[in-house]
Number of protein chains: 2
Amino acid sequence: MEKIQGGVTAAKGFLAAGVEARIKYRDRKDMALVYSREPAVSAGVFTTNVVKAAPVKWDRMLVKEQEYARAVVLNSGIANACTGAAGMAANEKLAKATAEALGIEKEQVLTASTGVIGMQLPEEKFCAGAKALAKALSDTIEAGKMAAEAIMTTDTISKECAVRFSVGGKTAVIGGMAKGSGMIHPNMATMLSVVTTDAAISKELLQKALEADVKKSFNRISVDRDTSTNDTLLVLANGLAGNACITEDNEDYHSFCRALHMVTETLAKMMAGDGEGATKLLTAEVRNAATEEEAQILSKSVITSNLVKTAVYGSDANWGRILCALGYSGVDFDPEKVDLWIESAAGRLQLVENGMATDYSEETATEILSQKEVTVTADMKQGEAGAVAWGCDLTYEYVKINGDYRS
Amino acid sequence: MEKIQGGVTAAKGFLAAGVEARIKYRDRKDMALVYSREPAVSAGVFTTNVVKAAPVKWDRMLVKEQEYARAVVLNSGIANACTGAAGMAANEKLAKATAEALGIEKEQVLTASTGVIGMQLPEEKFCAGAKALAKALSDTIEAGKMAAEAIMTTDTISKECAVRFSVGGKTAVIGGMAKGSGMIHPNMATMLSVVTTDAAISKELLQKALEADVKKSFNRISVDRDTSTNDTLLVLANGLAGNACITEDNEDYHSFCRALHMVTETLAKMMAGDGEGATKLLTAEVRNAATEEEAQILSKSVITSNLVKTAVYGSDANWGRILCALGYSGVDFDPEKVDLWIESAAGRLQLVENGMATDYSEETATEILSQKEVTVTADMKQGEAGAVAWGCDLTYEYVKINGDYRS
């Protein structure tokens, strides 16, 4: 298993495009299309927010009812959430316009939107956009990158990842793209992500693999604790790798899951590190918790604490805030057993032993915390379970971006 | 029932003082004392954080085991949390030094600390501080204010409130002080608050009244979702008002509860409006929820959303974020029934009707949101229960304060 260049076009038989459709932005790509030459089985996980965007409702229905999908059309700028019946109708028109441009049925077209909540999608623009996308489709790495760029909102970098792996004696690829920077606190999936693979796998096992995977990838990140109305993660598998179709929980399935996880974890970490206004990727590792669920709750409590996030921004080894965040997580433990470390490219340092400060150097601590990627490790000494979660620091820039996002 | 001037010294027989003890700060008051001439029954609620500061452990024990208390000694600058056995010993010494200065037993002295986690209290300084406090005790309004000032950390204003009311044919007073600006997300009580009353009430009913009250006062506020290690709310009742002691759930008890609530709600709102870096008090009112518990969860979800908080800071009527925060709260409802309003001294405006935008004026919305106190109202149309929660906006200043709090 190895990482390779590219994203959604890395696997055989997948094409993509990104164009400027002027949905809301004036001077950047804002519509993307991912297309599979062959019918692909689809799986998806979606936001748990009670308020669900129109494309989320559409995709949930299609992923459940349709055996195959052929395309995913995405737009940035407008989220098509809280738009009522008009929003559902606009979403269906978008699927239909895309289907017509591709010569397929609209029930084979999944949709995803991201941007401002409450605005309606402009019909004339998305119809023109759909046509332009179909014309621009290509299987090159560049085409995948154009698609990844077209779904960005406040993201500062486009997010792609691809992995080559062996399965059933064949070489297969899983590649994906994602966007997400604010309103990131996935609870089933995250903002928008499309993963494609040429591995052959049954629809049932694809959904099973995806649901297991998100618990350890996208559901482990948070930028601001705000779970979006549009969270969507879709996986399309078209079988062009030629492996015997994976239909049971065997070694092939595990190979597939490992490769899928390499893609999703990479994309999830890129998203956390590119959180709105973030200057640092913050990783919280919890060791020796009583259960894995508790380890997960503890690690997420650390990365979601505004006080931990601002301290990391200020490179301040204010470990009391970390212990405090563990303490209010809802998990019971003995605070007088906890050890804390910080680690980065600049070194590793123990701040706390059995709940109290070690005799550490503040200077060294600040140096470690000044790096772009910082890891906090907590040893709970309660059991043998562990978990990792990813977040980012909280900065002036986050306030600036969100104090005036709509204008 | 009417509000009157003053705080912890407003009720008969209570004295207070605030002095500069240089516990950590160099140029401001940092130790406070509240003293009752007569033995007072005590009640307390404390942080639910697993990590509990030494004074929290001490007070929990005393409130439970001792019928009467005489004094509360408080300090700012150092929280005496995560300080192990040395911290517990220092806390007991603080109680003992205060008791000796007052000529009472150390088991009659409650303690409370706020400030940096992980540092030890300096013994020589707090012993000198305790003596100075005992000498400075006075029953004047000014003395109460000195005490309220001495417990401030990043607070920008001291927080006091007093209410005069009738009970059992007598006139009684409840007065209190509080501090709290960051790490505010009380879950049983809040950072530090001391309430005194001359009403006569049994210890059992005082605790009952307090526990019921915090659910609708201090537990309804949040600055940053971080539940502190030191949250402490203490009430002392010395009976000097001369009313027949309240020993059952009768009309007198209800008069007492109403007066107590006027004090605690006022202090809680002052705390939310003075949140670290805050420029605005944000009130979220939820109407017609299915149950009161759901109304409470929904209202707290709105005031704790970083995205709602930054939008309020930017006076941006980004109502999608409000609906989104209601949606991920964990409460089930029909998004297409929700109405949303904003309101302030500048007027009242409906932004959303049945889950979709009204044709409101952005200009008017911005004007309303530009005021110092802003209320968001959500009508859920699911039932008949309501709740109110208080928070504040999220600003550059919050990041600044917490990016470098310790230095």
Side-chain angles (χ1 to χ4, degrees), chain A residues 47-52 79 81-84 86 116-119 182-183 185 187 224-229 304-308 310-311 313-314 316 318-321 323-329 331-333 335-336 352 354-357 394-396 398-407, chain B residues 47-52 79 81-84 86 116-119 182-183 185 187 224-229 304-308 310-311 313-314 316 318-321 323-329 331-333 335-336 352 354-357 394-396 398-407:
Chain A
T47 184
T48 53
N49 197 313
V50 171
V51 181
K52 288 175 182 31
C82 307
T83 46
V116 175
I117 295 173
M119 285 176 72
M183 214 177 256
H185 186 76
N187 197 8
D224 49 17
R225 261 176 147 152
D226 282 85
T227 301
S228 150
T229 50
T304 50
S305 158
N306 277 357
L307 289 170
V308 171
T310 45
Y313 172 57
D316 178 17
N318 200 330
W319 57 265
R321 294 181 181 172
L323 209 49
C324 180
L326 295 169
Y328 64 67
S329 66
V331 171
D332 195 28
F333 61 89
E336 300 192 357
V352 172
N354 295 323
M356 288 175 66
L394 173 60
T395 70
Y396 296 104
Y398 178 86
V399 177
K400 187 173 174 192
I401 292 167
N402 289 301
D404 200 13
Y405 171 61
R406 295 193 311 169
S407 48
Chain B
T47 185
T48 54
N49 198 312
V50 171
V51 181
K52 289 176 182 32
C82 307
T83 45
V116 176
I117 296 173
M119 286 177 71
M183 214 178 258
H185 186 77
N187 198 9
D224 49 16
R225 261 176 148 153
D226 282 84
T227 300
S228 149
T229 50
T304 51
S305 159
N306 277 357
L307 288 171
V308 171
T310 45
Y313 172 56
D316 179 16
N318 201 329
W319 58 264
R321 295 182 180 172
L323 210 48
C324 181
L326 294 169
Y328 63 68
S329 66
V331 172
D332 195 26
F333 62 89
E336 299 192 358
V352 172
N354 295 322
M356 288 177 64
L394 174 59
T395 70
Y396 297 104
Y398 178 87
V399 177
K400 187 175 176 190
I401 291 167
N402 288 302
D404 199 14
Y405 171 62
R406 295 193 312 170
S407 48

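Chain naming here is simple, since letters A, B, ... match the order of the sequence lines and numbering starts at 1 in each. All figures in this text were calculated on a predicted structure; none of them were measured in a lab.
- Only the side chain of Tyr313(B) comes within contact range of chain A, with heavy atoms under 4.5 Å apart.
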* Going through the distances and angles, do Asn402(A) and Arg321(B) end up as a side-chain contact (heavy atoms from CB on, under 4.5 Å)? -> CA-CA 11 Å; Asn402(A) 289 301; Arg321(B) 295 182 180 172; 3.2 Å; yes
* To do: Test side-chain contact (heavy atoms from CB on, under 4.5 Å) on Thr47(A) and Tyr328(B) and set out the steps.
  => CA-CA 9 Å; Thr47(A) 184; Tyr328(B) 63 68; over 6 Å; no
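- Of the listed residues Ala311(A), Ser305(A), Ala357(A), the one with more heavy-atom pairs under 4.5 angstrom with chain B than any other is Ser305(A).
- Only the backbone of Val331(A) comes within contact range of chain B, judged by heavy atoms closer than 4.5 Å.
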* To do: Assess whether side-chain contact (heavy atoms from CB on, under 4.5 Å) is satisfied between Cys324(B) and Val51(A), documenting all intermediate values.
  => CA-CA 6 Å; Cys324(B) 181; Val51(A) 181; 5.9 Å; no
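- One finds the OG1 atom of Thr395(B) at 7.0 Å from the CD1 atom of Ile401(B) (value rounded to the nearest 0.5 Å).
- Of the listed residues Thr83(B), Val308(B), Leu326(B), the one with more heavy-atom pairs under 4.5 angstrom with chain A than any other is Thr83(B).
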